[in-house]
Amino acid sequence: MALLPLQSYGEASAASFDLRTARDLVDLCAVYADDPMVDAAHGFCYGFLSGAGGYHQAINAGKDSRPLFCLPAEKPSRVEAANRYVAWSRAHPQHLDEAPIDNVIRFAVATWPCR
């Protein structure tokens, strides 16, 4: 499953890597498979999402933690998580102008709420 291509929606540009808004991250995560920057864009996307998840996990490692979201026991692959992030973001365009990390956390809270 990790080798499946992302759903494609757009093109990457050098400016997209500046991540001014969540829209830039979504564009990188959803770049067309034939885009010359596809490997860099997807790698950046996976790295950003993994970093956000890893940071959240690290700050919630203590016994009195209160995580914002809770991944299922069978964690999604990086491709699945990126596809879900793109789909969620496209369904909630009102959040595309916020900071990328805020958008990623908003997505994770909505997608994997803690019980």
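Below, all heavy atoms of this structure are taken into account, side chains as well, without hydrogens, waters or symmetry copies.
In this pair, His42 and Tyr46 present their aromatic rings tilted. The plane angle is within the 30 to 60° band.
Side chains of Arg106 and Glu98 form a contact here, defined as non-hydrogen atoms less than 4.5 Å apart. Two residues are said to be in side-chain contact when any heavy atoms from C-beta on lie closer than 4.5 Å; Leu25 and Asn103 fail this criterion. For the pair Asp24 and Thr21, the minimum side-chain heavy-atom distance is below 4.5 Å. Considering only heavy atoms from C-beta on, Leu19 comes within 4.5 Å of Phe48 through its side chain. The shortest distance between side-chain heavy atoms of Leu96 and Pro93 falls below 4.5 Å. Within the 4.5 Å cutoff, the side chain of Asp34 has no heavy atoms near those of the Val38 side chain. Here the side chains of Lys75 and Trp112 are not in contact, with every heavy-atom distance at 4.5 Å or above.
Separation of atoms CG (Asn83) and SG (Cys45) is listed at 8.5 Å; rounding is to 0.5 Å. A distance of 5.0 Å separates SG in Cys29 from CG in Leu49, rounded to the nearest 0.5 Å.
The backbone N or O of Gly62 lies less than 3.5 Å from a partner atom in the side chain of Ser65, making a donor-acceptor pair. Side-chain N or O atoms of His56 include one that pairs as donor or acceptor with a backbone N or O of Leu68 at under 3.5 Å. Between the side chain of Asp18 and the backbone N or O of Arg20 there is no donor-acceptor pair closer than 3.5 Å. Thr111 contributes a side-chain N or O that, together with a main-chain N or O of Phe107, makes up a donor-acceptor pair within less than 3.5 Å.
Hydrophobic clustering, with ILVMFWY side chains joined whenever heavy atoms are under 4.5 angstrom apart, keeps Tyr55 apart from Leu71.
Environment of CZ in Phe17: crowded, with over 12 heavy atoms of neighbouring residues, nucleotides or ligands closer than 6.0 Å. For Gln94, the CD atom counts as densely surrounded, since its 6.0 Å shell holds more than 12 non-hydrogen atoms of other residues, nucleotides or ligands.
Taking 4.0 Å as the cut-off between side-chain N and carboxylate O, Asp27 and Arg90 count as a salt-bridged pair.
The shortest non-hydrogen separation linking Cys70 to Pro67 is SG-CG, 4.0 Å. The heavy-atom pair separating Phe69 from Ile105 by the smallest distance is CE2-CD1, 3.9 Å. Scanning all heavy atoms of the two residues, the minimum distance from Val104 to Ala52 falls at CG1-CB, 4.0 Å.
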How far apart are the C-alpha atoms of Phe44 and Met37, what are their side-chain angles, what is the distance that settles it, and do they pass the side chain to side chain contact (heavy atoms under 4.5 Å, CB included) test?
-> CA-CA 11 Å; Phe44 191 96; Met37 299 177 79; over 6 Å; no
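Under the salt bridge (Lys or Arg N to Asp or Glu O under 4.0 Å) criterion, Asp97 pairs with Arg23, sequence neighbours left out.
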